[in-house]
Structure formats: C-alpha cells, structure tokens
Amino acid sequence: MSYVPPHLRNSSSAAATTLVNGNTGHFQAKQLNSSYSQFTSTKSNNNNCNSINSWNAGCRSSGNHVSSVPEPVFPQWKPSDRVTRLKAEQVQEVRLRLNVDATVPPDSQLAPAPIESFTDMNLHASIMKDIAFHGYTAPTSIQAQAMPVALSGRDLLGCAETGSGKTAAFTIPMIQHCLAQPPVRRGDGPLALVLAPTRELAQQIEKEVKAFSRSLDSFKTAIVVGGTNISEQRSELRAGVNVVVATPGRFIDHLQQGNTSLSRISFVVLDEADRMLDMGFEPQIKEVMQNLPEKHQTLLFSATMPVEIEELAQEYLTNPVRVRVGKVSSPTANVSQILEKVAENEKARRFTEAHAYARRRTGARRLLRLARVKLVYGMKIDRLLGMLVQAAAQSERCGHLFPLTIVFVERKSRCDEVAEALIQQGLQATALHGGRSQSERENALRDFRQGPTRILVATDVASRGLDVTGVAHVINLDLPKTMEDYVHRIGRTGRAGSTGQATSFYTDRDMYLVAQIRRAIQDVDSGNTLTFATGKTARRKEKEALAAQKEAVTLSKLSLVGSTAINVEDKYRHMIAPAVSRNEGAADDAWDD
C-alpha cells in the first residue's frame, strides 16, 4: 500500500492515472498539488510501470524516463571470530557484567551476543575511523547489545536509563546499513528515517549522525523540524539524502508537499517513542509506519516502557529482540538526590487558612491564590539564589568554573523571571522554553554547551533527550507533576557513568510526589531500585491519587478554620492589589486545586 495523505485519498487513483498517462508537465503539476504517491511504495517484482499499481509499487520518473526504485540490501553481517566462538554461558556472563538483558519471542532465533569492542563488530572502515577520531574506546552496555542486533538486520525494542548512549546504539548501525544500499539519486527519498519528539533531540541525533559519517564525503543527512525555514529543508530533501532526522509533524508536511518519499526507506528509528506518544504524535507515526516499503528494519528506543509502547511494538515490530539495560523508569544511582523543604512562613499559612475558608467566594479565592503563590515562590527563589551564589563563590575561591547547572521550573513566564533574577546576581544564566524562537533556543543551548552560560533555566522541554556533557547539578525549583517526569529531569546529570547531584525544593502541596521520591532514594541506597509505572494510564492514576490527597488536605483545613468569620478581601487586599491589577487571571493558572 503506497502512502497517500488522508486529504488526498479520495482522489489518489484519478491523480495517479493522470500522472502515468501524462508527461513531465503533469508530473510537476502533481508535485505542486502535494500528491506524492508515485514516490512511495511497497516492494514489487513487477517491473511494468504502465499501471497505477506498478507505479505505486516503486516506479520513479526522471523527465520522460521511468525507472524502478532499487531494492533495499540487507547484507549478511558477522562479528569477529572471537565473538562467534563464545559459548552460551560466556555470552550470559558478559550480559551479567554489562547489566543487560536480551530476550526474543518464542520460536525466534537467539539474540546476537553482546560485543564489548568496536573492532569486533566488523564495522565499515570509515565508521571505525570516526569512532577513533571522537575518542570512543568501548561501547556502553546498550551499545554492546543493541548494535549487534541492529547490524544483524533484526527489529529491536531498546530500553535503557537516560544517558546510557542510546543514540550511538542506533546511529552507527544505521550508517552501516546506508553504506550497503545503492547510491541515492536526486529525487530519491531517504534510505533511513529517525523520528524524534522535539527539535532539540532531533538536532542532537543529527549531530551524532554527522559525527560518525564525517569521513564519508557523499553521505548526506537532513534535519526536518518545525520552527526553521521549510524552503531550505525542501531543497535539501529534493536533492536526495541518505538519512532524515525529523519530528513527525514536519516530516508529514514534507510528504504532503511531495518534497520527499517513503519509497527507499529501509531503516527506521523511533527514538524517545514514549515521549512522542505523550505529545500526541501517534497519528503521524502510524501514517509513516503503515506506508513504509514492505522490506524495512525498525528500531524503537524508549527510556520507559509503558503499555502504550508495548502496543506500538506489537503492531509495527516483527519478532523484535528486546534489549533492556539496568532498571528503567527509575532514578539512576549515579545521581545524589536531595530534597529541601521550603517552609511556609506565618503569612503564607494565614493565606492558606483564608483560602480554605473562602473556597466558595470566587473573587476572594483568586486574590488569595495569587498572593500565596507569590509569597511561596519568592521564598523558593531566595533559596535558589542563596545556593547558587554560594556555589559561585566557592568555585571562584577554588579557581574552578561554575559547575554546569540546569534549573527546572513549571511555566515559561517563570523561566524568564528566574533567569533574569540569576543574571541580576552576577550569574551567567539563560532561559530555554517553548515560547522562544528556534534560533533563540539554539543559541541558548550553544551558549550552555560551549560557554559562557553556566546555568540553564528550563521548562520540561529540556527534560527529555537533552544530552549536555558535564551537567553537574539539576535543580527542581518546581517539582513536576509525575514521578516519570522527575526521573527524566534528574537524568540530565549523572550521564554516561559520571556522577551528579539533584536538588528539589518542595512545599506541603508536593507531598504526594515527595513520598515517591523518598521511596526511590531509599531503594537506590539499598541497591534494590524500584521501577515506577509509566505511560498515560499510570500518570492518570497518579494524578487521581494526587487529587484525592489534595481534597483530603483541603477538608482538613476547612475543619480547622471552622466557622470563624474572616473578611478575606479586606484583610489581605493591601498585600496583593498591585499584583492583581497586573494579572488577576494568572491566579487560576498559578494554583492547581
């Protein structure tokens, strides 16, 4: 079945007939009308391109000449003799040492043995040259097991804790696969496709692909994401590329415009698949996966393994090898976790009591919400500034650079406010959130990676997939709403075997999540890491439990207030009127009942 976008499916047959019976002019008109079914295909042995079905099965036009799309090549791969001679018990011993587990469906061939040396993987000479150039000496655990699976041409479901080297685990086999294919011609679609949830992650993946293909002059990689010039992407895609790294929405846009195709894709990677599902990209993923050529290899990588990922794997992966490293969906033992309570002062407690009493009085409720949030948040920022100013002074005394630090906040507006407060204290900080333009986000990340910025204040846009070498400290100024998001946030430090620190400020309203974090810390300290449930269903249950706890706390506060009459608006209006006049409506967003 060839790929036809939903809005063109009713007229695709008539359009294809016009194309086959027409000339180059019809072909150009069809491109402009966004009908690109001629570029997408399932593989067929029928070389007769005089019918609609055979055209959709892989025929390609170049002026008046029509040629078939080359069949993909899946070369027979073998590791070194040293690896092939390993006995079953030796293979198991290596997996135990690497803390990696590899399972296969019943009646399937055993998973390839893990390989602890790049040399034993029998990689292309150019790839080996680039591995040496970048100073990589030995594969990480996920690379040691996932790369042999991918190199052997089998589908893979990979799950490992954040910072474990998943990107290189699929990048290197992908490049090796592309080098075995017939050359890419102008107008061809890519040989390999990587889908990622965010622009930042896609840019990191593109950087990794280019790092391991730097010695290959004719190897072309294109990044296709929103927020950038689509015309430049269009030109690059139409010229023919080996690899496309894309976010799902923008890739579908290019397909609908006829700028690229699925016809030659034989290697597909879904990276951070759980995050893509969370962001609502499931329809776009299905559009791509359901219309790929019949012969293709799929690798699905995820930092968590919720039921939604299991269902996705069951639908689109064929007898996959499941590779799991360590405990997923749990905090890594490489990160020292610290919880700091921001105690409410007497004024904040009085606001809390007054808010409980005034729950049915909308005007008073809004006023009190905003006032309390400003008080508590101000105390958090004071604690943050004190901590970071002290750390800066200590670094200066020791003659060291200020350690790279990421501060996570809940809202975009707070992100800018906190960054500005840090700058006013003489600290080098910048903000990263979805409200900034693509160029501003890229500049912020570049300054953080390369200097001079040492502190990145970010929303959860930076909690997934962002890999910055040397992040020493993650601070949760606002705790996230779920344990899963907490795990991903603190996973920005303690990566690739290094150690890091995570500090989280909390108040009484965060106690449900704090209890889970404390339990996780205890389990990590005892060596018995707990795996938390993940995915949409798990998060929904977690939010329901949190709502029930908040309701119980509210009822308790109401019983304490009793029937005491408090003139709420008059009593506290002098404290909060200036803030309300600026943004009364923000109160509803600031306090989550």
Side-chain angles (χ1 to χ4, degrees), residues 95 98-102 111-112 114-116 118 121 131 134 136 138-151 154-177 192-198 200-212 243 245-246 267-278 297-306 309 312-313 317 320-332 334 462-469 471 484 487-498 534:
R95 287 185 178 137
L98 295 174
N99 192 25
V100 63
D101 182 44
I115 301 178
E116 298 180 278
F118 289 116
M121 293 185 185
I131 289 174
H134 292 287
Y136 292 93
T140 64
S141 294
I142 186 66
Q143 293 164 5
Q145 182 59 80
M147 287 176 64
V149 174
L151 289 166
R154 300 176 67 176
D155 284 3
L156 168 70
L157 177 58
C159 196
E161 63 185 17
T162 184
S164 59
K166 295 191 297 291
T167 304
F170 65 76
T171 296
I172 293 174
M174 178 174 64
I175 296 172
Q176 175 108 340
H177 174 85
L193 171 66
V194 183
L195 292 179
T198 64
E200 285 73 23
L201 180 55
Q203 288 167 337
Q204 283 187 192
I205 296 169
E206 181 207 24
K207 182 180 178 181
E208 198 94 343
V209 175
K210 290 184 173 179
F212 292 115
V243 175
V245 183
F267 195 102
V268 183
V269 180
L270 304 178
D271 192 25
E272 294 282 1
D274 51 346
R275 179 64 169 163
M276 285 196 284
L277 295 184
D278 289 346
Q297 179 182 3
T298 304
L299 278 58
L300 190 158
F301 282 87
S302 178
T304 61
M305 196 55 61
I309 292 298
L312 191 69
L317 273 63
V321 179
R322 294 171 176 258
V323 177
R324 186 185 297 265
V325 177
K327 293 284 188 180
V328 297
S329 312
S330 61
T332 173
N334 292 342
S463 68
R464 292 266 194 147
L466 187 64
D467 187 7
V468 178
T469 303
V471 174
E484 182 179 346
V487 171
H488 282 289
R489 282 188 182 185
I490 71 170
R492 298 313 98 199
T493 185
R495 299 174 72 81
S498 63
T534 59

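Below, each value reflects all heavy atoms present in this structure, side chains not excepted, and no hydrogens, waters or symmetry copies. This structure is a prediction, so every number in the text was calculated from the model and none was measured.
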State whether the side chain of [X] and the backbone N or O of [Y] hold a donor-acceptor pair below 3.5 Å, judged by distance alone.
X	Y	value
Ser141	Leu98	yes
Gln145	Ala102	no
Glu116	Ala138	no
Arg154	Ala150	no
Gln297	Asp155	no
Asp101	Arg324	no

Where Ala168 and Pro173 come nearest, the two heavy atoms and their spacing: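 Taking every non-hydrogen atom into account, O-CD, 4.0 Å.
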Looking at Arg95 and Pro112, what are the two nearest heavy atoms and their distance?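 In this case the closest contact between Arg95 and Pro112 is NH2-O, 3.1 Å.
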Is any side-chain heavy atom of [Y] closer than 4.5 Å to one of [X]?
X	Y	value
Phe170	Leu156	no
Ile131	Met121	no
Ile490	Arg492	no
Val209	Met174	yes

Any chance you could measure [X], atom [atom1], to [Y], atom [atom2], to the nearest 0.5 Å?
X	Y	atom1	atom2	answer
Ile205	Asp271	CD1	CG	4.5 Å
Leu157	Leu270	CG	CG	10.5 Å
Phe301	Lys166	CZ	NZ	8.5 Å
Ile115	Met147	CD1	CE	8.5 Å
Thr167	Glu272	OG1	CD	8.0 Å

Apply side-chain contact (heavy atoms from CB on, under 4.5 Å) to Met276 and Leu312, showing your working. CA-CA 11 Å; Met276 285 196 284; Leu312 191 69; over 6 Å; no
Can you spot which of Lys210, Gln203, Gln204 makes a side-chain hydrogen bond (donor to acceptor under 3.5 Å, both in side chains) with Glu206?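 Among Lys210, Gln203, Gln204, the one that satisfies the side-chain hydrogen bond (donor to acceptor under 3.5 Å, both in side chains) with Glu206 is Lys210.
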For the pair Phe267 and His177, name the ring-plane relationship: parallel under 30°, tilted 30 to 60°, perpendicular over 60°.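 Geometry flag for His177 against Phe267: tilted rings.
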What class does the angle between the rings of Tyr136 and Phe118 fall in, given that below 30° is parallel, 30 to 60° is tilted and above 60° is perpendicular?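 Judged by the thresholds at 30° and 60°, the geometry between Tyr136 and Phe118 is perpendicular.
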